S.K.: 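The structure that follows is given in the form of structure tokens.
Order of the sequence lines fixes the chain letters, A, B, ..., with proteins taken first and strands second; residue numbering starts at 1 for each chain. None of the values given here were measured: they were computed from a predicted structure.
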Amino acid sequence: ILNVEQSPQSLHVQEGDSTNFTCSFPSSNFYALHWYRWETAKSPEALFVMTLNGDEKKKGRISATLNTKEGYSYLYIKGSQPEDSATYLCAFISTDKLIFGTGTRLQVFP
Amino acid sequence: GAGVSQSPRYKVAKRGQDVALRCDPISGHVSLFWYQQALGQGPEFLTYFQNEAQLDKSGLPSDRFFAERPEGSVSTLKIQRTQQEDSAVYLCASSLRSPNYNEQFFGPGTRLTVL
């Protein structure tokens, strides 16, 4: 059974704080790791598709790193803003199957 | 439209009723996925199509669930004899080719409530 775990489950931070969360996944049969951002009442939106060990990707204030050997990815948000409030999902790709974690729910207070 | 669309957005069914959920992927997208999301959980994989071929249906929870994509574009997820445990949000996603390298684009989901 392939297990993808995210921590923490939820996070409350003040505007301006930087934050990070973790996605843990099996280190074997790795194809890709996706990060998605899911705002309430909207569809999940892709943030990053990561395929190589050591990958680091950045989009504005959000960045992610990938370690396929030990099976984890970190997502960082620098200077959180209220509009960053959402659930952040990671998904592990193995043999064309996409397995989601349960997400980290981030709430940023002004 | 530019994105993935799903219909209906909300469906209330009586237990035992059959339902059909529709997904219109982005034009030209080869891969199509169906997911089931229960309250408080991440989306769980149901089935995967590459064009019209259903390559993986290992996530379908029972033989009451059936999905098709006969012409390699629109897909329908059918649930026969619905049960209360089928209540969930059903998400559809498409990607240009393989999700190994391509992000998935999600539809808004269909929220199914079985009474």
Side-chain angles (χ1 to χ4, degrees), chain A residues 1-10 21-26 29-52 55 57 59 62 64 66 68 73 75 86-106, chain B residues 1-7 9-10 21 23-26 29-51 53-60 67 88-111:
Chain A
I1 295 175
L2 299 175
N3 216 21
V4 178
E5 294 181 357
Q6 290 188 248
S7 63
Q9 268 192 322
S10 65
F21 3 106
T22 307
C23 172
S24 302
F25 52 85
N29 297 321
F30 176 87
Y31 281 14
L33 193 285
H34 293 197
W35 279 101
Y36 291 86
R37 172 194 150 89
W38 195 355
E39 288 181 75
T40 304
K42 295 187 178 179
S43 310
E45 284 184 14
L47 288 172
F48 305 113
V49 175
M50 309 180 81
T51 56
L52 297 175
D55 246 358
K57 298 226 171 173
K59 189 183 281 190
I62 305 178
L66 179 67
T68 60
S73 175
L75 188 81
T87 296
Y88 291 83
L89 292 166
C90 70
F92 166 73
I93 317 298
S94 173
T95 59
D96 280 343
K97 186 170 293 184
L98 195 155
I99 301 165
F100 280 93
T102 52
T104 292
R105 184 183 295 275
L106 173 68
Chain B
V4 178
S5 61
Q6 290 186 245
S7 60
R9 291 292 310 277
Y10 303 91
L21 313 180
C23 172
D24 283 80
I26 294 173
H29 277 197
V30 164
S31 296
L32 186 145
F33 292 74
W34 282 99
Y35 298 92
Q36 180 190 60
Q37 194 206 11
L39 194 63
Q41 303 294 317
E44 288 209 16
F45 169 83
L46 292 177
T47 186
Y48 163 57
F49 290 86
Q50 191 166 303
N51 295 307
Q54 190 174 20
L55 297 189
D56 189 340
K57 54 182 181 178
S58 62
L60 295 175
V89 174
Y90 291 86
L91 289 167
C92 172
S94 70
S95 66
L96 187 59
R97 286 183 179 75
S98 164
N100 292 7
Y101 302 105
N102 300 127
E103 65 191 288
Q104 294 204 335
F105 293 84
F106 283 82
T110 294
R111 181 178 294 279

S.K.: Report yes if some heavy atom in the side chain of A:Tyr36 is under 4.5 Å from a heavy atom in the side chain of B:Pro43; otherwise report no.
M.R.: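 Side chain of A:Tyr36 against side chain of B:Pro43, heavy atoms only: no contact under 4.5 Å found.
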S.K.: For A:Val49 and B:Asn102, which heavy atoms make the closest approach, and how far apart are they?
M.R.: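 For A:Val49 versus B:Asn102, the nearest heavy atoms are CG2-C, 4.2 Å.
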S.K.: Compare every heavy atom of B:Glu103 with every heavy atom of A:His34, then report the nearest pair and how far apart it is.
M.R.: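 Taking every non-hydrogen atom into account, CE1-CA, 4.0 Å.
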S.K.: State whether the number of non-hydrogen atoms from other residues, nucleotides or ligands found under 6.0 Å of A:Glu39 atom CD is greater than 12.
M.R.: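 Yes.
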S.K.: Between B:Gln37 and chain A, which part of the residue has a heavy atom less than 4.5 Å away: side chain, backbone, both or neither?
M.R.: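 Answer is side chain: those atoms of B:Gln37 sit under 4.5 Å from chain A.
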S.K.: Rounded to the nearest 0.5 Å, what separation is found between the OH atom of B:Tyr35 and the CZ atom of A:Phe100?
M.R.: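 The CZ atom of A:Phe100 is 5.0 Å from OH of B:Tyr35, to the nearest 0.5 Å.
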S.K.: Look at atom NZ of B:Lys57 and say whether more than 12 heavy atoms of other residues, nucleotides or ligands are closer to it than 6.0 Å.
M.R.: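 No, not enclosed.
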S.K.: Other residues, nucleotides and ligands only: do more than 12 of their heavy atoms fall within 6.0 Å of CZ on A:Arg105?
M.R.: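 Not buried by this count: 12 neighbours or fewer within 6.0 Å.
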S.K.: Flag the one option from A:Ala46, A:Pro44, A:Gly103 with the top tally of heavy-atom pairs under 4.5 Å to chain B.
M.R.: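 Among A:Ala46, A:Pro44, A:Gly103, the one with the most close pairs to chain B is A:Pro44.
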